[in-house]
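Only one structure is covered here, and it is reproduced in the block below.
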Number of protein chains: 2
Amino acid sequence: MQLTLKQLRYFVAAGENASVTKAAQAMFVSQPSISSAILHIEEQTGLDLLIRHHAQGVSLTPTGQRFLLKAKQLLTEADNLGKFATSLTEDVSGSLRFVSLPTLAPVLVPPVMHQFVERHRDVQVQCEEADQEKIISGLLTGRFEFALTYDIKLPPELDFTPLVDFPPYVLLPQTHPLAARDELQIQELAAEPMVLLDWPLSRDYFYSLFLAAGVEPNVAYRAKSLAMVRGLVANGLGYTLFNTPLANHISLDGNQMAVVPLAGSPRPTCLGLATLHGVRATPAAAAFIDMLQQHVGQFDQHNTEG
Amino acid sequence: MQLTLKQLRYFVAAGENASVTKAAQAMFVSQPSISSAILHIEEQTGLDLLIRHHAQGVSLTPTGQRFLLKAKQLLTEADNLGKFATSLTEDVSGSLRFVSLPTLAPVLVPPVMHQFVERHRDVQVQCEEADQEKIISGLLTGRFEFALTYDIKLPPELDFTPLVDFPPYVLLPQTHPLAARDELQIQELAAEPMVLLDWPLSRDYFYSLFLAAGVEPNVAYRAKSLAMVRGLVANGLGYTLFNTPLANHISLDGNQMAVVPLAGSPRPTCLGLATLHGVRATPAAAAFIDMLQQHVGQFDQHNTEG
DNA sequence: AGCCTGTATAGGATTTTCCTATACCTTGCT
DNA sequence: AGCAAGGTATAGGAAAATCCTATACAGGCT
């Protein structure tokens with residue numbers, strides 16, 4: 001049994017107008033179109049839907065009345081699906097799920113999320129943290145609407161929109177001999193004990209800065225979390241390199257650190273948005289991205305100032 | 001925006017199989033059919049539903065996931081409509097509304113209705129009483145599924161199924177001189193005061209019995225209800241003619257009446273079912289009619305006995 | 001009786017759907 | 001690197017569904 005929405009529409013129109021001809025006028029088609037559509041339904045279902053009167057329209061049989069009710073329900077549901085579709089393209093609503101590298105998420109996402117949920121209270125936002133590989137597969141499989149990450153190892157199916165450059169800087173114990181300097185050469189650091197943030201992208205990037213200068217770092221400690229790296233540095237176990245701008249330089253155990261820029265404008269990392277090529281952002285995603293761009297503007301100013 | 005159920009079905013299949021090709025196999029159509037159907041939805045709605053991977057199927061975008069959910073809902077509703085249609089042709093369920101002449105209804109309907117609702121507790125039965133004109137228009141407009149009436153003035157759109165013949169008989173006051181007779185000639189009654197049930201069909205029918213015998217009745221009183229006619233007769237105001245077999249002959253105020261058959265097998269009234277020509281009875285109606293036919297069988301025996 | 005109204009049918013035109021063949025791109029194996 | 005395999009989109013023509021005009025047909029209305 002295969003009924004078309006169109007056929008049902010025609011039948012409902014005929015039933016409600018008690019006339020095939022009036023239905024045809026209402027639906028802007030010819031009278032036989034309505035007639036044959038109804039005949040088709042009757043044939044498919046084996047129901048007698050209409051009583052055909054001569055020269056005075058049609059009436060619904062009792063089963064026709066019952067069927068019309070249900071058919072009408074289905075049609076309004078179908079209309080609702082259409083409305084739902086347009087709402088998906090127009091309204092900031094529903095849910096929003098995106099992903100970020102863990103280095104960036106805690107710094108950038110909370111303030112924007114705060115602003116966003118205040119403006120769009122009915123939207124369910126979820127931000128996940130994952131490494132670049134999971135980010136990419138998550139974007140490709142539609143798990144995330146966009147990602148906050150670096151332009152590294154992204155496949156061609158993903159578009160990248162740069163947001164802001166983060167130049168690397170040195171984070172040292174307050175007591176470090178180099179802590180008072182205005183800026184530091186990468187070569188000066190090579191011999192010093194380093195605390196390395198041991199994540200795939202970070203590791204490669206910071207290594208590359210040394211390699212570009214023809215030296216190698218002296219990695220004394222490795223750690224897998226931002227908080228741990230900062231704790232080690234703050235307690236005098238070495239320096240580290242960062243690129244994400246952090247608003248405080250006090251470790252979780254309460255020790256102060258010093259920040260010194262790297263000399264010679266080393267290659268910065270470019271933070272940006274990864275999205276699926278050819279897939280339009282949902283209104284919610286677009287709104288969030290908009291706020292995010294506004295928010296990172298402040299870091300741009302920092303950079304141009306510095 | 002005009003989406004087809006078929007297109008939605010194809011999209012859902014593709015989304016759930018994460019593959020256009022697999023969907024095509026599942027739906028027994030070619031792969032481009034699926035592809036173009038989805039493309040059509042995307043074009044109509046402006047949504048990006050799928051992420052096309054090279055050589056490894058497709059994924060749903062976040063909006064695609066949301067849309068799929070709703071589309072699936074709609075499709076199950078559509079299937080339900082189909083199931084509903086077949087249930088209308090197969091199951092004794094829902095509601096049943098029919099109509100009867102008021103002379104017949106209180107005698108025939110209650111016992112059958114009792115039996116019916118006991119067997120089909122979930123069916124809502126309603127029996128209305130109306131004159132022949134309203135019965136006919138009610139059948140033609142689909143208000144009633146069938147009617148219990150006589151084969152009189154029925155238009156050709158209505159089919160008539162005879163159930164049982166009711167021969168007319170005389171109802172007299174117990175004290176009436178003719179009350180003790182075995183049978184009565186119509187001519188013997190002509191001069192006697194008659195109480196007439198003043199309803200269109202009854203009136204014409206009983207009159208016609210006299211006219212066929214070449215005499216005219218002496219109508220002393222007219223009444224519009226069965227109970228009133230019986231009351232008048234029981235209290236000695238005249239005789240009356242009936243055709244419906246009543247199981248008691250005591251008026252509402254407690255007076256006994258006598259029943260005497262008419263001699264010479266006068267033309268009986270034929271009780272039967274009026275239904276719409278070309279419209280199949282619903283299962284509920286068919287079941288009720290079946291019980292009704294069983295029930296009236298007993299009157300047939302009475303007739304053949306008498 | 002004859003016109004009007006309204007539905008069903010016939011037949012051809014148009015639009016939609018469908019299929020085959022093919023282009024195009026990536027994955028994975030050699 | 002190159003080549004086969006797997007998967008989607010496109011092209012173009014065939015098949016099917018839909019639609020329209022014209023007409024048959026039948027009862028209501030005057």
Side-chain angles (χ1 to χ4, degrees), chain A residues 2-11 13-15 17-44 48-61 64 136-137 140-142 154-158 276-279, chain B residues 2-11 13-15 17-44 48-61 64 136-137 140-141 153-158 276-279:
Chain A
Q2 212 64 305
L3 302 177
T4 316
L5 287 176
K6 189 179 285 188
Q7 291 165 353
L8 293 175
R9 251 182 267 277
Y10 286 0
F11 162 64
N17 288 300
S19 157
V20 174
T21 300
K22 288 210 188 76
Q25 291 164 353
M27 308 297 282
F28 302 106
V29 292
S30 74
Q31 169 263 319
S33 297
I34 306 284
S35 182
S36 74
I38 297 170
L39 247 29
H40 187 255
I41 299 180
E42 289 186 318
E43 188 188 348
Q44 289 273 316
D48 297 320
L49 297 174
L50 291 185
I51 307 164
R52 277 83 169 171
H53 303 294
H54 298 281
Q56 36 189 32
V58 295
S59 310
L60 289 162
T61 62
I136 291 169
S137 75
L140 291 179
T141 59
L154 293 181
E157 295 96 314
L158 296 181
L276 264 169
H277 180 74
V279 174
Chain B
Q2 212 66 303
L3 301 178
T4 316
L5 286 177
K6 189 179 286 190
Q7 290 164 354
L8 293 176
R9 251 182 267 278
Y10 286 0
F11 162 63
N17 288 300
S19 157
V20 173
T21 299
K22 288 210 188 76
Q25 291 163 355
M27 308 297 281
F28 302 104
V29 292
S30 74
Q31 170 263 319
S33 296
I34 306 284
S35 181
S36 75
I38 297 170
L39 246 30
H40 187 256
I41 300 180
E42 287 185 320
E43 187 187 350
Q44 289 273 314
D48 296 320
L49 298 174
L50 292 185
I51 308 163
R52 279 81 169 172
H53 302 295
H54 297 281
Q56 38 189 30
V58 295
S59 310
L60 290 161
T61 62
I136 292 169
S137 76
L140 291 179
T141 58
K153 297 185 186 168
L154 293 180
E157 295 95 313
L158 296 181
L276 264 171
H277 179 74
V279 173

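Side-chain atoms are counted along with the backbone in the values below, which use heavy atoms only and exclude waters and symmetry mates. Lettering follows sequence order; numbering is per chain, from 1.
- With contacts defined as side-chain heavy-atom distances shorter than 4.5 Å, the pair L276(B)/L140(B) qualifies.
- Comparing dT10(D), dA10(C), dC19(C) by their closest approach to the side chain of S33(B) singles out dC19(C).
- Phosphate contact (OP1/OP2 of dA9(D), side-chain N/O of S35(B), threshold under 4.0 Å): present.
- If you find the closest nucleotide of DNA chain C to Q7(B) and to P156(A), the one lying nearer the 5' end belongs to Q7(B).
- For the atom pair CD1 of I51(B) and OG1 of T61(B), the computed distance is 6.0 Å after rounding to the nearest 0.5 Å.
- Residues L60(B) and F11(B) have side chains in contact (heavy-atom distance under 4.5 Å, counting atoms from C-beta outward).
- Across all strands, S19(B) comes closer than 4.0 Å only to sugar-phosphate atoms, never to a base (heavy-atom distances).
- Checking the phosphate oxygens (OP1, OP2) of dT7(C), a side-chain nitrogen or oxygen of T21(A) falls inside 4.0 Å.
- In this structure, I38(B) and L50(B) have side chains that are in contact, with non-hydrogen atoms separated by less than 4.5 Å.
- The side chain of R52(A) places no N or O atom within less than 4.0 Å of a non-bridging phosphate oxygen (OP1 or OP2) of dG6(C).
- For the OP1/OP2 pair of dA17(D) and a distance below 4.0 Å, the side-chain nitrogens and oxygens of K6(B) include no atom meeting the criterion.
- What separates NE2 of H54(A) from P of dC29(D) is a distance of 14 Å, to the nearest Å.
- Between P32(A) and A37(B), the one whose closest nucleotide on DNA chain C sits nearer the 5' end is P32(A).
- L39(A) has its CG atom 14 Å from the P atom of dC19(D), to the nearest Å.
- We find that CD1 of I41(B) is positioned 16 Å from P of dT16(C), with the value rounded to whole Å.
- Taking the nucleotide of DNA chain D with the nearest heavy atom to each of E157(B) and Y10(A), the more 5' of the two is matched to Y10(A).
- In this structure, Q31(A) atom CD and dG6(C) atom P are separated by 11 Å, rounded to whole Å.
- The CD atom of Q25(B) sits 15 Å away from the C1' atom of dC19(C) (whole-angstrom rounding).
- Rounded to whole Å, atom P of dT17(C) lies 14 Å from atom CE of M27(B).
- A straight line from CD of Q44(B) to C1' of dT16(C) spans 13 Å, rounded to a whole angstrom.
- The NE2-P distance, from H40(B) to dC18(C), rounds to 12 Å in whole Å.
- Between the CD atom of Q7(B) and the CD atom of Q2(B) there is a distance of 9.5 Å, given to the nearest 0.5 Å.
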